Amino acid sequence: MSTCPPRTVSNRTRLGRGSYATDAATLARRLLGQTLVRVLDDGTRLAGRIVETEAYLGVQDRAAHCFGGRRTRRNEAMYAKPGTAYVYFTYGMHHCFNIVAGRVDEPTAVLIRALEPVDGLEAMRARRSAHRRPGSRPLRETDLCSGPAKTCQALGIDRGFNGVDLTRDAHLFLERGAPASDNAVQRSARIGVQSAGAWADRPLRWFLASNPHVSIRPRAADEWKSACQ
DNA sequence: ATGACGATTTACT
DNA sequence: GTAAATCGTCATA
């Protein structure tokens, strides 16, 4: 009996435009479990499972770079179409990687805060080590991508990727992974936005509760069970 | 031209 | 726990 292989859906399906064209909170939740892929110029594949995200909700969100409608050279990519990369430089030394959500001219985005490394761990370790002082303590696996700037170091994401289309780019994109189940997900307030008044307290951070690659454990008072989506 | 400020990380007490 | 590192960007003058 001839068995033409069934027309399988590849387990390495790139996420398309439709995956990103939703509100930032929904996207932040859905990105947990998806795979972020970086292909180096020499073809090396670096990849990790997304385990922590934050949503930035647009011009009304005091913690967002576009608060009040601010639109500058730096944050211009936030206004681009969904699936665009928004990469910014901060603290004079760090990069952070976001994925634009929503619609054109609606500046909402999801910050990728942590990955569970899957492919290319040694290359990640080399890149992370190069950003540290010589002779410092060896990096554990959980030191590779357990924060937004660490993730950018490990994957070699810098401002050169600002504005690229993640549905098309050859060197940076997302692949479909198993969605995270509700009982594995927790929410908390966002990290590092304490000056944003009432917006600082909103539970717009999503993470896999028991995953060791998550950047920071929230204070108990900030923990939310993810029952409400 | 100048000054204040980070969606962070690291090392150290 | 606290503090330093380090500089592009933007608002003000």
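Not measured: the values here are computed from a predicted model. Numbers restart at 1 for each chain; the letters A, B, ... are given by sequence-line order, proteins then strands. Values reported hereafter were calculated over all heavy atoms of this structure, with side chains retained and with hydrogens, waters and symmetry mates removed.
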Between B/dT9, B/dT10, B/dA7, which nucleotide has the shortest distance from any of its atoms to the side chain of A/V193? B/dA7
Measure the spacing between CG of A/L46 and CD1 of A/I157 and express it to the nearest 0.5 Å. 9.0 Å
With sequence neighbours excluded, give me every side chain to side chain donor-acceptor pair (under 3.5 Å) pair touching residues 86-98 of chain A. A/H65-A/Y86
To the nearest angstrom, how far is A/D158 atom CG from C/dG8 atom P? 14 Å
For the side chain of A/F89, starting at C-beta, report the closest nucleotide among C/dC7, B/dT9, C/dA5. C/dC7
Under 4.0 angstrom, heavy atoms only, what part of the nucleic acid is A/A149 near: base, sugar-phosphate, or nothing? sugar-phosphate
Between P on B/dT9 and NE2 on A/H95, what's the gap in Å once rounded to a whole number? 13 Å
Interatomic distance, A/F67 CZ vs C/dT9 C1' [rounded to whole Å]: 19 Å
Gap between atoms NE2 and C1', on A/H94 and C/dA4 respectively (whole Å): 11 Å
Looking at A/T90, does any N or O in its side chain come under 4.0 Å of the phosphate oxygens OP1/OP2 on C/dG8? no
Using only atom types and a distance under 3.5 Å, with no angle test, would you say the side chain of A/R176 pairs donor to acceptor with the backbone of A/T13? no
Would you tell me if any nitrogen or oxygen in the side chain of A/H131 comes within less than 4.0 Å of OP1 or OP2 on B/dT9? no
Tell me whether the OP1 or OP2 atom of B/dT8 has a side-chain N or O from A/R113 closer than 4.0 Å. yes
Side-chain contact check for A/Y56: nearest option of B/dT10, B/dA7, B/dA11 is B/dA7
Want to settle it: does A/G92 or A/N75 sit nearer the 5' end of DNA chain C, counting the closest nucleotide to each? A/G92
Looking at the side chain of A/M78, which of B/dA11, C/dA5, B/dA7 is the nearest nucleotide? B/dA7
Tell which nucleotide pairs with C/dC10, taking only Watson-Crick or G-U wobble pairs whose two distances are both under 3.5 angstrom. B/dG3
Could you state the atom-to-atom distance from CD of A/Q153 to P of C/dT6 in whole Å? 14 Å
Go through it in stages, so that I can follow the logic: the residues are A/E116 and A/L208, the test is side chain to side chain contact (heavy atoms under 4.5 Å, CB included), and I'd like the CA-CA distance, side-chain angles, deciding distance and then a yes or no. CA-CA 10 Å; A/E116 176 180 308; A/L208 300 186; 5.8 Å; no
Using atom CZ of A/R132 as one end and atom P of B/dA11 as the other, report the distance to the nearest whole Å. 5 Å
Just call it for A/R74: base, sugar-phosphate, or nothing, with non-hydrogen atoms closer than 4.0 Å on any strand. sugar-phosphate
Base, sugar-phosphate, or nothing for A/Y91, non-hydrogen atoms under 4.0 angstrom? base
OP1 or OP2 of C/dC10 under 4.0 Å from side-chain N/O of A/R71: no
Heavy atoms under 4.0 Å, any strand shown: does A/R137 hit a base, just sugar-phosphate, or nothing? nothing
Identify which nucleotide among B/dA7, B/dT9, C/dT6 has an atom closest to any side-chain atom of A/M93, counting heavy atoms from C-beta outward. C/dT6
Distance, rounded to the nearest Å, where A/R73 contributes CZ and C/dC7 contributes C1': 17 Å
Give the rounded distance in Å between these two atoms: CZ of A/R190 and P of B/dG6. 14 Å
Option from A/R49, A/R45, A/R14 for which salt bridge (Lys or Arg N to Asp or Glu O under 4.0 Å) with A/E175 holds: A/R45
Report the base-pairing partner of B/dC12 (Watson-Crick or G-U wobble, both distances below 3.5 angstrom), or none. C/dG1
Using a heavy-atom cut-off of 4.0 Å across all strands, would you classify A/R159 as base, sugar-phosphate, or nothing? sugar-phosphate
Can you name the one residue among A/K150, A/R125, A/R137, A/R128 that meets side-chain hydrogen bond (donor to acceptor under 3.5 Å, both in side chains) with A/D143? A/R137
